[in-house]
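In what follows, a single structure is set out as structure tokens and then discussed.
Lettering of chains follows the sequences in order, A, B, ..., and the numbering in each one begins at 1. For the numbers below, each heavy atom of this structure counts, side chains included, while hydrogens, waters and symmetry mates do not.
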Protein chains: 2
Amino acid sequence: MSVTLKDIAKRVGKSVTTVSRALHDFDDVSPDTKAEVRSIAEELGYIPNIHAQRLQSKHTDTIGFIMPTFGPRFSDPFFSEFLAGIGNQAAKMGFDLLVSTCPPGTKELQAYEKNVRSPRVDGFIIVRTRQQDQRIKFLSQMKFPFVSFGRMLEHNDYAYVDEDGEYGMGLITNHLADLGHKRIAYLDAPGHFMFAHYRRQGFLDGLKEKSLEIDQDLIVTGDMTQRAGFQLATEILKQESPPAAIVACNDLMALGAISAAQQLGLTVGIDVAITGFDNIPLAEHCHPPLTTVHQPIYQIGEMVCEMLIKKIRSEPLDQEQIILQPSLVVRQSSIGNKKSL
Amino acid sequence: MSVTLKDIAKRVGKSVTTVSRALHDFDDVSPDTKAEVRSIAEELGYIPNIHAQRLQSKHTDTIGFIMPTFGPRFSDPFFSEFLAGIGNQAAKMGFDLLVSTCPPGTKELQAYEKNVRSPRVDGFIIVRTRQQDQRIKFLSQMKFPFVSFGRMLEHNDYAYVDEDGEYGMGLITNHLADLGHKRIAYLDAPGHFMFAHYRRQGFLDGLKEKSLEIDQDLIVTGDMTQRAGFQLATEILKQESPPAAIVACNDLMALGAISAAQQLGLTVGIDVAITGFDNIPLAEHCHPPLTTVHQPIYQIGEMVCEMLIKKIRSEPLDQEQIILQPSLVVRQSSIGNKKSL
DNA sequence: ATTGAAATCCAAAACGTTTTGGTTTAGAAT
DNA sequence: ATTCTAAACCAAAACGTTTTGGATTTCAAT
């Protein structure tokens with residue numbers, strides 16, 4: 001049996017009210033009493049019953065994170081790093097983190113609704129925003145606190161952090177164009193993901209800017225896994241006149257593309273340039289190291305979490321909407337042994 | 001304001017008791033009343049207040065998972081896959097999942113204690129067991145439900161699932177010995193991790209069985225990251241007479257070792273054989289594909305979670321202790337272009 | 001008419017906390 | 001002696017649910 005306020009009250013010979021107020025340092029409790037209450041609470045190892053507190057206080061000090069994942073063999077470095085960011089920040093600010101996984105769809109919205117109405121959490125963190133994002137619409141409409149990593153096209157009157165994917169992919173495209181590449185393939189992600197939209201846009205604008213032709217046959221879509229990158233790149237490189245550069249919209253597909261090229265006997269960075277986007281830890285120590293765009297996912301997790309907790313506490317945010325400028329990381333996968341541009 | 005039992009009671013003209021019992025399908029409520037209560041509950045969109053339920057029922061229907069992670073740049077495929085396993089299984093069985101991150105140490109134990117005593121969770125899942133695991137000692141002593149992925153050396157009277165790492169690493173060692181390798185390097189993980197202990201033992205026993213010499217200079221320890229694998233393998237391969245095979249105790253270090261070898265101009269699978277352990281998704285589509293030992297992490301996550309929930313519900317377990325036999329996955333990183341042994 | 005049993009219902013207590021709206025006491029000011 | 005103030009305290013209500021321990025009604029069997 002755990003120790004309750006009543007137990008302490010009995011020991012001190014005071015009421016439960018006084019004990020509660022003593023522990024919360026109210027000023028209508030005498031210093032002596034406070035000291036006594038505290039020492040006995042300590043002695044008995046008192047820890048408040050959190051459900052009684054939450055029932056009374058009407059808030060949960062918990063934030064929710066529903067990971068939009070598919071299938072069992074799920075392993076995306078993005079999620080573990082992002083999760084570490086929000087987890088640590090939440091702990092630092094005294095919040096719990098409730099995690100669940102649910103593939104996008106009808107059940108996903110039900111999961112949000114259940115957690116909102118129970119109420120299990122005080123706010124949500126949303127990631128991988130989509131065109132017409134039902135989650136954002138639902139939470140906005142419920143006036144339930146949330147912060148997202150990613151924007152939507154219209155309807156942008158909520159708090160978010162996002163990378164400037166257009167700009168980042170522009171950096172990649174410029175880099176390749178400056179190296180003299182004319183025909184560049186693009187490994188896209190499904191169009192309903194906003195990040196895919198912006199990155200693709202950055203790629204297309206980059207080509208236009210350099211007056212390069214856009215060949216629709218060289219733009220193919222995969223599910224963001226290494227396996228997909230491998231398969232798509234294999235197909236592309238087996239064409240009679242394959243492109244000399246492949247831009248993947250994320251690192252995982254780029255890694256798959258590197259393997260595909262190597263399997264076909266090509267030297268990546270010399271015969272074919274391959275680039276990614278995200279700068280996951282794996283990108284630095286693969287062979288050849290991957291040219292990519294750096295995105296500080298852990299820090300973004302921290303930021304998003306801090307913003308959410310401030311919103312929950314009705315504290316003002318310095319900035320409601322933040323767009324981060326990513327930076328280009330040039331490695332061997334695009335420039336082979338050349339030491340400079 | 002959310003809908004409570006009282007609201008429903010008022011509408012139906014019955015007591016709160018009856019409404020509660022109707023919704024729980026007790027048989028001292030008339031069918032008519034049940035139907036009416038349910039329809040009105042539905043109409044008002046009633047969702048029980050979970051904190052009131054938990055305060056009353058004394059259990060939380062939540063399981064806890066404290067990820068023992070270091071540092072910010074944390075990205076281990078093990079965790080995302082394992083998390084997906086326990087998350088999905090917990091959801092399937094009606095449990096929430098409370099996640100936090102904490103590096104091993106004193107604060108870690110405090111985190112367990114806080115969650116036990118609040119009480120925030122009904123049980124814990126433990127991973128990456130260590131020699132003298134404080135977490136296990138604490139939870140055993142508190143008689144608090146937990147299931148771990150991984151054993152301890154002594155004190156094994158609790159529920160766990162574990163791989164047979166000795167056997168798995170034996171498969172690897174045999175495989176390499178059969179290929180004719182005599183000097184084999186080993187990339188170890190810190191000795192306090194039990195999995196590292198068993199895998200290392202399997203390696204050493206394997207060498208002994210094949211009457212191969214154990215060269216302590218070829219056994220080096222890293223922090224399980226790709227970066228560590230890269231650095232350790234670089235050092236090893238730069239020796240005047242480098243070994244022709246490198247066994248890494250996990251896939252991530254093996255991937256780093258592959259990059260290191262390639263950086264030095266070696267062809268992995270021909271000039272040097274490299275093996276991993278875990279069969280993470282990345283292992284299949286890297287170049288060359290990685291010879292490794294398959295561990296069904298997602299399924300282990302599900303199993304461990306199901307066992308824990310059964311323990312929480314005081315249902316009997318089919319087996320308290322489960323050791324899984326892993327299987328060898330031979331790919332190009334150990335056999336180059338040879339099509340068979 | 002009385003008894004018994006079954007069907008249906010419910011007031012009150014309980015879970016452990018915080019908040020509300022006080023009361024009591026001591027001492028100072030009138 | 002009365003009034004006022006400040007300090008210290010606390011009973012009861014509230015949060016929303018489930019459980020306990022009956023109460024009432026109905027109807028068949030006697």
Side-chain angles (χ1 to χ4, degrees), chain A residues 1-38 40-41 44-62 94 96 114-122, chain B residues 1-38 40-41 44-62 94 96 114-122:
Chain A
M1 261 299 292
S2 54
V3 181
T4 71
L5 286 184
K6 207 194 266 187
D7 300 325
I8 301 178
K10 221 168 277 175
R11 271 284 296 275
V12 185
K14 294 279 157 65
S15 75
V16 167
T17 308
T18 299
V19 171
S20 170
R21 297 177 81 83
L23 291 173
H24 284 88
D25 206 21
F26 278 59
D27 56 8
D28 62 353
V29 180
S30 79
D32 287 357
T33 309
K34 274 183 196 171
E36 194 188 357
V37 165
R38 283 190 189 133
I40 290 192
L44 299 181
Y46 170 73
I47 293 192
N49 180 303
I50 205 166
H51 304 115
Q53 283 184 323
R54 289 177 178 177
L55 176 58
Q56 160 72 29
S57 71
K58 314 276 237 169
H59 51 79
T60 66
D61 290 337
T62 302
D96 286 339
K114 188 181 85 173
N115 282 290
V116 166
R117 309 272 307 280
S118 305
R120 273 161 226 256
V121 301
D122 290 339
Chain B
M1 261 298 293
S2 57
V3 181
T4 70
L5 287 184
K6 207 194 267 186
D7 299 324
I8 301 178
K10 221 169 276 175
R11 271 284 295 272
V12 185
K14 295 278 155 68
S15 75
V16 167
T17 308
T18 301
V19 171
S20 169
R21 297 177 82 82
L23 291 174
H24 285 88
D25 206 22
F26 278 59
D27 56 9
D28 63 352
V29 180
S30 80
D32 286 358
T33 309
K34 273 184 197 169
E36 195 187 354
V37 165
R38 281 184 191 140
I40 289 192
L44 298 181
Y46 170 73
I47 294 191
N49 181 303
I50 204 166
H51 305 114
Q53 283 184 323
R54 289 176 178 177
L55 174 58
Q56 159 71 30
S57 71
K58 313 275 238 171
H59 51 79
T60 67
D61 290 337
T62 302
D96 285 340
K114 189 181 83 173
N115 282 291
V116 166
R117 309 271 309 280
S118 306
R120 273 161 226 257
V121 302
D122 290 338

**Study point:** Spacing between A:I47 atom CD1 and C:dG16 atom C1', to the nearest angstrom
**Key:** 14 Å

**Study point:** B:T62 side chain to B:D96 backbone, donor-acceptor under 3.5 Å
**Key:** no

Review point. 5'-most contact on DNA chain C: B:V16 or B:Q56, nearest heavy atom basis?
Key: B:V16

**Study point:** Length of the line joining A:D28:CG and C:dT24:C1', which is rounded to integer Å
**Key:** 14 Å

Point to revise | B:F26 CZ to C:dA6 C1', straight-line distance once rounded to whole Å | key: 18 Å

Review point. Whole-Å distance between D:dC15 C1' and B:R54 CZ?
Key: 16 Å

**Study point:** Polar side-chain contact A:T33-D:dA8 base: donor and acceptor under 3.5 Å
**Key:** no

Check your understanding: When you measure from the side chain of B:S15, which nucleotide among C:dT17, D:dG16, C:dA11 comes out closest?
Key -> C:dA11

Exercise for review: Examine distances only and state if a side-chain atom of A:N115 and a backbone atom of A:R120 form a donor-acceptor pair shorter than 3.5 Å.
Suggested key: no

Point to revise | Salt-bridge present (B:R38, B:D25; N to O < 4.0 Å) | key: yes

Practice item. Nearest whole angstrom, please: distance from the C1' of D:dG16 to the NE2 of B:H24. Key: 12 Å

**Study point:** B:S118 (side chain) donor-acceptor with B:K114 (main chain) under 3.5 angstrom
**Key:** yes

**Study point:** Any A:K14 side-chain N or O less than 4.0 Å from OP1/OP2 of D:dA8
**Key:** no

Review point. Counting N and O atoms only, with roles assigned by atom type, does the side chain of B:K34 sit under 3.5 Å from a partner on the main chain of B:H24, one being a donor and the other an acceptor?
Key: no

Practice item. Measure from CZ on B:R21 to P on C:dA7 and round the result to the nearest Å. Key: 15 Å

Review point. Can you check the A:I50 CD1 to C:dC15 C1' distance for me, whole Å?
Key: 15 Å

Practice item. Starting from C1' on D:dA11, measure out to NZ on A:K6 and report it in whole angstrom. Key: 14 Å

**Study point:** OP1 or OP2 of D:dG16 under 4.0 Å from side-chain N/O of B:T4
**Key:** no

Check your understanding: Under the 3.5 Å rule, do the base of D:dA8 and the side chain of A:T18 count as making a donor-acceptor pair?
Key -> no

Review point. For C:dC9, does OP1 or OP2 lie under 4.0 Å from any side-chain N or O of B:S30?
Key: yes

Practice item. From the options D:dT17, C:dC10, C:dT19, select the nucleotide whose nearest atom is closest to the side chain of B:T17. Key: C:dC10

